[in-house]
Protein chains: 2
Amino acid sequence: MNITEFAKAAGVSKSAVSRYFNDGYLSEEKRRLIEAAIEATGYAPSVQAQNVRTRVTKLVGVIIPKLSSESCAREVEGISQVLSEQGYQLLLVNSANDPKKEVEYLELFRSNRVDGVIFLASVFTPLHDAVLKKMRVPVVIVGQEYKGANCVCHDDYKAAYTAEKLMLDKGCKKPAFIGVTEQDKAAGQARKDGFLHALSDNGINIEKSDMQTAEFKMDSGYKKALTLLRSGRRYDHILCATDNLAAGALLACREQGLKVPEDIMIAGIGDSQLCNVTSTPLTSVHFHYRTAGIEAAQMLLNSLKRESSIPRTLTLGFELEERESTEKKCETV
Amino acid sequence: MNITEFAKAAGVSKSAVSRYFNDGYLSEEKRRLIEAAIEATGYAPSVQAQNVRTRVTKLVGVIIPKLSSESCAREVEGISQVLSEQGYQLLLVNSANDPKKEVEYLELFRSNRVDGVIFLASVFTPLHDAVLKKMRVPVVIVGQEYKGANCVCHDDYKAAYTAEKLMLDKGCKKPAFIGVTEQDKAAGQARKDGFLHALSDNGINIEKSDMQTAEFKMDSGYKKALTLLRSGRRYDHILCATDNLAAGALLACREQGLKVPEDIMIAGIGDSQLCNVTSTPLTSVHFHYRTAGIEAAQMLLNSLKRESSIPRTLTLGFELEERESTEKKCETV
DNA sequence: CTGAAAGCGCTAACAG
DNA sequence: CTGTTAGCGCTTTCAG
């Protein structure tokens, strides 16, 4: 059923129907007529046709690298919450961590179909730069800093710094680190930098071999920890760039007969659900993922209202969650 | 830029451009002309306008109760994978477990905007029945059985039966159960039924107070387990309807000084990542969530092709993952 | 193989 | 407050 048929059924004109669904410059009588007809027929206007006319789709494209990751899921929840309140819907695409797909989707969204884009980013390539420059709809980037675009990100550097400092303050002296690829400026580079600066601020040296680069999964954390532990160097703490990695490291330590935290402390970053259920609960840094999603959505909404505005970067704070895995060593009585 | 402007720029007619992007009844020469112009201008046809004409949106609505749940996230990943291969995109809405919102979104999708709907369901109300009956686009329901609709679900009954039987076979005699609301036919009722039938098949009796109903979170599992343990009745195993609950129960047991599995065995259902990192790794039933998403998407694709077809229900199998939490008690030497 | 022309369902001036 | 009218950008007959 289309608007013309419906108008006839309701006994009013097309325009009246249109007005009913839009501004509403309408007499009470017609309004009632239309309401009754809707009840009877179940008519609803075609969004696509509205789109063609008005040029707004009420759709926001969301590009995510991996849905089954706690942090992404929470960010998307935040995004979804504020956007749906404003009558927007999410067009969700999964890039599966494939940079080519990310670019492809950005391309798809570039001039079409959506009013704006929220991009949960991890790694940027020159291709990204090219397509981001050409976007005709506003874009908000979440999780990474990106010059010239609206960004919402976490304070990865300080988070790592703080977690490492905690362990040093508790008397640790022999640091090890399990990180992720530095192509990821946030989770890779910034967290490593934070770790290193905490060390240098405390006059502690470290060798290259004390730092491992893992993939984003527990299993990889386990293997890298094993490499560290078997190296012969005796570490008294390990900072891991993610909780999954920390959980893996914890497993490795126990297998090697090391007690956590007595023999070796471990901390992660992200404060995922994992941290509370591991054999030894894991100290971690809590990031506000849901809030990041909320802020990103609001930022996008703002760009959608006022036309051009100056790009802003919002950096969210964090909380250090101390748990058993970094509990103070036996106090000197 | 619209098709008319673009056609002019390319030096061809509107129809030629349209044909280029559709069937392609076109001479090589024009084809090249158009390709060059695309390269130069970056033109892409407006999907909305195409939609109005063709009546297909290449959009599938996906209704989920909670994104930050491992099972949902995996199902959506499966859905996304096959649908995006076929050129469909996901319109994702989060019902936040609110039945009213679910109905609202179904309503929204009923006759509009999307070509089909995939509904990750938990609880059905009469309102659901009403709106589902009125849907004009194909719907696939995931995670629940629903008469008269296409469904993909897990074998909740047998899963619970199998997990319980495992513990009975290992010599357990005093069962306890922590479940979820029976309004949820799958995770609530079917799992409880499976548990109860395993008991009766083995001639074991149980009292009402041995069974608790929790909410879907770890914390709730913890509390309910505490209630059980403090009741004075001495249980030798607990079956939990979800892994989160099992993780909570595990915590409670340890706090009460019970060793798992020596003093008490615990098993969950869902085989989430949790199970591998808990202090005692948790036995659980592995469901094929990702596969469920894939199957649901394919089912929808089928309905989209051939018009009316008979509703089908696909029940996926499972695997019992035995871990330390149900390891055999000290063998009688 | 091709262009002209007639809509798809809707909104937004415009003149009452 | 209301109906008429002219498109939005595209696809698809139809007659070449």
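Fair warning: this is a prediction, and the values are worked out from it, not measured in the lab. So you know, we letter chains A, B, ... as the sequences are listed, proteins then strands, and number each from 1.
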Roughly how many Å is it from [atom1] in [X] to [atom2] in [N], rounded to a whole number?
X: B:Ile3; N: C:dA4; atom1: CD1; atom2: P; value: 13 Å
X: A:Phe21; N: C:dA12; atom1: CZ; atom2: P; value: 15 Å
X: B:Arg31; N: C:dC1; atom1: CZ; atom2: C1'; value: 12 Å
X: A:Ile34; N: C:dC10; atom1: CD1; atom2: P; value: 13 Å

>> Holding to ring pair (Phe, Tyr, Trp, His ring centres under 6.0 Å), I want the full list of residues that pass it with A:Tyr146, two or more places apart in sequence or in another chain.
In response: A:Phe124

> A:Phe6: what forms a ring pair (Phe, Tyr, Trp, His ring centres under 6.0 Å) with it, not counting sequence neighbours?
Replying inline: A:Tyr43

>> Quick test of your reading: applying salt bridge (Lys or Arg N to Asp or Glu O under 4.0 Å), list the pairs with at least one residue in residues 83-103 of chain A, sequence neighbours left out, ordered by first then second residue.
In response: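 Residue pairs passing salt bridge (Lys or Arg N to Asp or Glu O under 4.0 Å), neighbours aside: none found.
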
> With sequence neighbours left out, which residue pairs that include part of residues 2-14 of chain A fulfil the salt bridge (Lys or Arg N to Asp or Glu O under 4.0 Å) condition?
Replying inline: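 As it turns out, there is no salt bridge (Lys or Arg N to Asp or Glu O under 4.0 Å) pair with a partner in residues 2-14 of chain A once direct neighbours are skipped.
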
For nucleotides 3-6 of chain D, list the nitrogen or oxygen atoms of the protein found under 3.5 Å from its nitrogen or oxygen atoms, one pair per line.
residue: D:dG3; atom: OP1; partner: A:Lys30; partner atom: NZ; Å: 2.8
residue: D:dG3; atom: OP2; partner: A:Ser13; partner atom: OG; Å: 2.9
residue: D:dG3; atom: OP2; partner: A:Lys30; partner atom: NZ; Å: 3.0
residue: D:dG3; atom: N7; partner: A:Arg19; partner atom: NH1; Å: 3.4
residue: D:dG3; atom: O6; partner: A:Arg19; partner atom: NH2; Å: 2.4
residue: D:dT4; atom: O4; partner: A:Ser15; partner atom: OG; Å: 3.1

> What distance do B:Leu106 atom CG and B:His128 atom NE2 have between them, rounded to the nearest 0.5 Å?
Replying inline: 6.5 Å

>> Base, sugar-phosphate or nothing for A:Phe6? Non-hydrogen atoms, less than 4.0 Å.
In response: nothing

> Relative to the 5' end of DNA chain C, which residue comes earlier, B:Val52 or B:Leu26, by the nucleotide with the nearest heavy atom?
Replying inline: B:Leu26

Side chains of residues 65-75 of chain A: which donor-acceptor pairs under 3.5 Å do they make with residues two or more places apart or in other chains?
residue: A:Ser68; atom: OG; partner: B:Glu77; partner atom: OE1; Å: 3.4
residue: A:Ser68; atom: OG; partner: B:Glu77; partner atom: OE2; Å: 3.2
residue: A:Ser69; atom: OG; partner: A:Ser71; partner atom: OG; Å: 3.2
residue: A:Ser69; atom: OG; partner: A:Cys72; partner atom: N; Å: 3.4
residue: A:Glu70; atom: OE1; partner: A:Gln273; partner atom: N; Å: 3.2
residue: A:Glu70; atom: OE2; partner: A:Gln273; partner atom: N; Å: 3.2
residue: A:Glu75; atom: OE2; partner: A:His154; partner atom: NE2; Å: 3.3

